[in-house]
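All residue numbers in this chain count up from 1 along the given sequence.
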Amino acid sequence: MVPLTGCENGGRKAAYDEAVKTIMDASKQRDFSRMQLLADSLGKAEVLSEAESYFWQGLAYYRMMQVHTAEFFWKEAMVSIEDSDDPADLDTYARAASYLAGLHIRYYNFQSASKVVRTALEHLNYHHYISTSDYTNLLVFAGCCKGHYNIDDEEVSQLFEQAYKRHLDHIAKAHARENYHDAVVGVINIAYGWLSEKKYKKGLFWNRRLKKLVSDYKQLFPNDSAYIDKQQARCHIFEAIGYEGIGKIHEAEDAFEAFQQSNFANTDEGHLDASNYLAMAGKWQAAAKLLSNLDNIFVHMQSGYSLDDIQKFLLKKYKVNLMTGQTDSASVVANQICQRLDSAIIKSQWIDSDEQETIRQKEEQILQQQEHLSKVRILSLVAAMIVITSFFSVYTYFRHRAERRLAVANAQLEQKNVQLAIANAHAEESARMKASFIQQMSHEIRTPLNILSGFTQVITTPGIELDDETRQDINSKITENTDRITTLVNKMLELSEVSSKTIIERADNVPVMQIAAQAIDESGISSAEHLTFYLESSPEAEKLYLQTNQQAVTRALILLLDNAKKFTHDAEARLRNDTNEAPEKKEKVVLRVTADTEKAVFTIEDTGIVIPPEEAEHIFEEFVQLDEYYDGTGIGLTIARSLVRRLGGDVFLDTSYTDGARFVMEILTSPQVTDSAS
């Protein structure tokens, strides 16, 4: 029997190894659809565990840029084994948590990343499973999350040091390529994080550690020339950025010269890294030259012109061309932004729809499996009771008990079906509203682009002479419309967080009136020519400090002030129909700040258009605009309410006010809130 068991275990191990190899081969061939199908089928065949199948499916969807589906599978992988203490399950749990946290951080969702990291570290520490590279990665992500909220927190450096020591311990135990690669990636993330936060001395300190790791790796694996060249190049470009940041210009130029000697510097990715340094150093002409073939980066990365790519690459290229005075090139890039933004929005809609359907089908499949298991258990219980008892009364009792459980299961299934039907209806409504949103965004983007194109044609017309005042006005308009495009892209990125129910961390102790002053300044409402703006405050408000998130609450108030500014101005269509009559008086907007022991209240009251009471909740839904003659995306109020509710407060329309619109934003003075906010 022992040899038989050994053979059986050996056979299962061989089948498992072959399954993982097959999945990895599909990944190397970039056949991610096949990778997902393999992981799913091997999980159903029980060659892979349920959690491992979910992990590999999540990785496949992530490679296909379907991040919501990847997030769903990685969460399911963690949930399916959260009660297990088996080493193989703990290894899969740590891997799924590491990838999930990294996904959230890549898209700047630090609230969700913090929750994943905290839960995973507590779980792995409880089981004393702390020796893997994935655990070390979670320590790095924990430091990144804490640094995002407070870069000067001493615990940030402590977490990074702890992770670095673990990387060195892994290398000391085995001088393997994988251990060095893990350490290099971890230190690159730390060094890049410090440099991004403009902590240049700390960035240079960690870059020296990176150089030491790469040097040691080169001695052990000298034949891996491509990898060594790329990592040495990164050391040089990090060094150039760090020295430029602390004012050591000659050292920065020497480091950049060393970077240019590498093979990596001639790649598209190398050009992008080099342009970051050149833009920082004010060498705009050189940066523009490197970014002139930016389209190659999209082709090689197979990015498909996502919103993230437009913000990261095209807006950067537009700024560089504008700073060098290459207005023709800037105009071309502006038109590329318009075309690719339409494509990105449509592609995002398709991907969202596909992901929603994939997740719905998987949830339905899981529900069916649970129902099947429930029925099997009930039938097994009934059969067991029939076997062990000959008393008819006992048999009848357990049969009725089984029937009751089956009825409950059927009722739950019917309830789930109703919920799925509602979800499908919501998805159809969302698709319709997104289609309207795409049309509106096309208008919103093309308006500033047409202005930019017009001014560019004026500037580049042969023989035209412009006085300084006219040229200054044109430059001002170009900058204004460039900022408008950037604001629209940022709003769409903000929209991805609207449905989140995660509570925003409230670590800032800030005066209420400082929040009001900052929002007034950034919204520009006090300088709007078409209205008169008033700020009123109570004595209690002027003395009050809020324990909140200053950035989030200020952003919400800015959006409400922007809404008041927009809808107290005549729509363009109405102005065209009434061009001969000047307005008899200016509209009025009042920001009233009051407070009591429980909350601070910001009331924004205007004399603009009146919102019908029956639309009081509808206007907070995504993409809703009651008046089609006004410019806008229809997402400002949605984002504002989402931010405030996640801070523990609320935003609503006061329907008792009939001379315009009155929005009320309430923020609790106490930081304790529950998850009930939605």
Side-chain angles (χ1 to χ4, degrees), residues 108 272 275-276 278-292 294-295 297-298 305-345 438 440-461 464 466 468-495 521-525 527-529 555 558-559 561-562 565-566 569 572 631-633 635-636 639:
Y108 298 97
L272 194 61
S275 70
N276 290 333
L278 292 171
M280 178 183 179
K283 301 177 181 180
W284 300 106
Q285 293 286 355
K289 183 178 180 181
L290 284 176
L291 293 174
S292 60
L294 187 62
D295 288 343
I297 297 177
F298 287 100
Y305 310 118
S306 67
L307 293 174
D308 189 50
D309 294 329
I310 291 171
Q311 184 189 45
K312 187 176 181 180
F313 300 120
L314 287 182
L315 287 177
K316 177 180 178 181
K317 183 177 180 181
Y318 178 83
K319 180 180 179 182
V320 169
N321 284 325
L322 199 63
M323 294 298 294
T324 57
Q326 300 181 31
T327 53
D328 287 344
S329 297
S331 178
V332 170
V333 176
N335 281 287
Q336 288 178 341
I337 291 173
C338 178
Q339 296 169 3
R340 291 169 180 171
L341 187 59
D342 283 347
S343 300
I345 294 171
I438 290 171
Q440 182 65 28
M441 284 306 305
S442 296
H443 171 71
E444 286 287 317
I445 289 293
R446 286 192 175 91
T447 297
L449 284 177
N450 288 337
I451 294 174
L452 290 174
S453 178
F455 280 125
T456 302
Q457 292 176 11
V458 171
I459 294 174
T460 57
T461 299
I464 191 169
L466 301 174
D468 291 341
E469 182 179 355
T470 302
R471 186 174 297 276
Q472 183 176 1
D473 182 64
I474 290 176
N475 289 337
S476 175
K477 294 295 185 183
I478 289 175
T479 301
E480 176 185 341
N481 284 280
T482 300
D483 292 341
R484 186 175 176 185
I485 293 172
T486 303
T487 300
L488 288 169
V489 174
N490 289 336
K491 266 194 175 183
M492 285 184 287
L493 292 173
E494 277 183 316
L495 185 61
D521 181 58
E522 294 186 20
S523 67
I525 193 169
S527 59
E529 297 180 357
R555 178 61 179 156
I558 289 171
L559 290 170
L561 291 174
D562 283 342
K565 182 169 66 173
K566 179 171 66 175
H569 200 298
E572 293 177 2
D631 288 337
T633 58
I635 59 177
I639 296 171

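Of all heavy-atom pairs between Leu559 and Gly636, the closest is CD1-O, 3.6 Å.
A side-chain contact (heavy atoms from CB on, under 4.5 Å) with Lys477 is found for one member of Asp473, Asn475, Thr479 and no other, namely Asp473.
Between the side chain of Ser476 and the main chain of Gln472, no donor-acceptor pair closer than 3.5 Å is present.
For Glu522, the side chain to side chain contact (heavy atoms under 4.5 Å, CB included) criterion is met by Gln518, Ile558, not counting sequence neighbours.
Rounding to the nearest 0.5 Å places NZ of Lys565 at 7.0 Å from OG of Ser527. Between atom CD1 of residue Ile525 and atom CG of residue Asp562 there is a gap of 7.5 Å, rounded to the nearest 0.5 Å.
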